[in-house]
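Reading through the structure tokens given below for one structure.
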Number of protein chains: 2
Amino acid sequence: MNEPAELDPVDLRILSALQNNARLLNKELAATVGVAPSTCLDRVNRLRESGVVTGYGVDVDPAKLGRPLQAFLYIRVQPHRSALVDPFVEHVLGQPETRGLWHLTGADDFMVHVATEDAHSLQRLVLDAFTAREEVTRVRTNLIFQHWAGRPLLPPETGTG
Amino acid sequence: MNEPAELDPVDLRILSALQNNARLLNKELAATVGVAPSTCLDRVNRLRESGVVTGYGVDVDPAKLGRPLQAFLYIRVQPHRSALVDPFVEHVLGQPETRGLWHLTGADDFMVHVATEDAHSLQRLVLDAFTAREEVTRVRTNLIFQHWAGRPLLPPETGTG
DNA sequence: AATGAAAGTTATTGTTC
DNA sequence: GAACAATAACTTTCATT
């Protein structure tokens, strides 16, 4: 189920093109990768069915939504049992400022990506939604100056192909 | 240019629906938010023209691409002038393992999200692509156990609407 | 600014190679 | 597995309210 999918050069070109612009028309995508539209549609459907493509999303500008200040919060959680972690995860995902949550190795168990209106609302979020909770023993805050998206993600070079 | 956009309840419902599934047909999206397809198309175009929606992307499963091990690298960079930072950024974005890069406040200047084949290739990436560079003075590595996506991002509550 | 209908394109299917 | 041709569906425009 979670084994790597077998992907030929056409699949890789499709994945690369779609990660650059998921709104390409199937007709345009087919021309870009060099196959017929029906073939291209077949490949894209297979990429979804095989779980390589898990979904489609829009990129929004948080500043345009009135949330120009973004930050990462690094959260240390006390007992660290599932019974306590699950409600914590739900609580974090329930905050309207939350853009993403990661469970990490290391001293800081969780990392939260948040987008806020200003420094004051960020402070209020940290104090009320995180520090105030019993299982949270420490919150570290790093503001985001700038973000760059990575190139399209492709499989590692296999050497032989 | 970077002021928040003025968004009415229809815009907010569109943004919410599209962030859940950007592949909704315009017809379906219109029905979901309760307006005519032509009106809906108009709204979506305006959201793009105003810069609220910046692009469309596919979500891929890194494990299915043969990159099941993901990590965040926290990088301390020495002199920290633009003349040295720009080549560093280009270098990081040029790595096929890089999924994202952030410039942060705090002691660790940069955070890199990477997806690798296994622990060995992660080690090789850290040593060859980061530690080996002159401007890099320290690299901290945290593996990712699990990731949760946030809910659709919407503007802060304004109180009056 | 939103609607409804008409025209133009596209997605999608079935068939053949 | 890929390409072609035909149908069904959608997107997009425009005149109207």
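Letters A, B, ... are given to chains in the order of the sequence lines, protein chains preceding strands, and every chain is numbered from 1.
The side chain of B:Arg43 places no N or O atom within less than 4.0 Å of a non-bridging phosphate oxygen (OP1 or OP2) of C:dA1. OP1 or OP2 of D:dA3 sits under 4.0 Å from a side-chain N or O of A:Thr39.
Atom CZ of A:Arg151 is surrounded by 12 or fewer heavy atoms from other residues, nucleotides or ligands within 6.0 Å.
Between B:Ser16 and B:Leu154, the closest heavy-atom pair is N-CD2, 4.3 Å.
Protein atom CD of B:Glu28 is 10 Å distant from nucleotide atom C1' of D:dC10, rounded to whole Å. Taking atom CG of A:Leu29 as the reference point, atom C1' of C:dT9 lies 17 Å away to the nearest angstrom. A straight line from CG of A:Asp42 to P of C:dT15 spans 16 Å, rounded to a whole angstrom. C:dA6 atom C1' lies 16 Å from atom CG of B:Leu41, rounded to whole Å. Rounded to a whole Å, the CG atom of A:Leu25 is 18 Å from the P atom of C:dG8. The separation between B:Asn45 atom CG and C:dA1 atom C1' is 15 Å, rounded to whole Å. A:Lys27 has its NZ atom 16 Å from the P atom of D:dT11, to the nearest Å. Rounded to an integer number of Å, the gap from CG of B:Leu7 to P of C:dA1 is 14 Å.
Classification of A:Arg76 and A:Asp109 as a salt-bridged pair fails, no side-chain N sitting under 4.0 Å from a carboxylate O.
Of the two residues contacting DNA chain D, namely A:Val35 and A:Arg23, the nearest-nucleotide position lying further toward the 5' end is that of A:Val35.
Side-chain proximity of A:Arg46 to the nucleotides D:dA3, D:dA2, C:dA5 is greatest for D:dA2.
With hydrogens and angles left out, the side chain of B:Ser38 and the base of D:dC14 share no donor-acceptor pair within 3.5 Å.
Looking only at atom types and distance, the side chain of B:Thr39 has no donor-acceptor partner in the side chain of B:Asp42 under 3.5 Å away.
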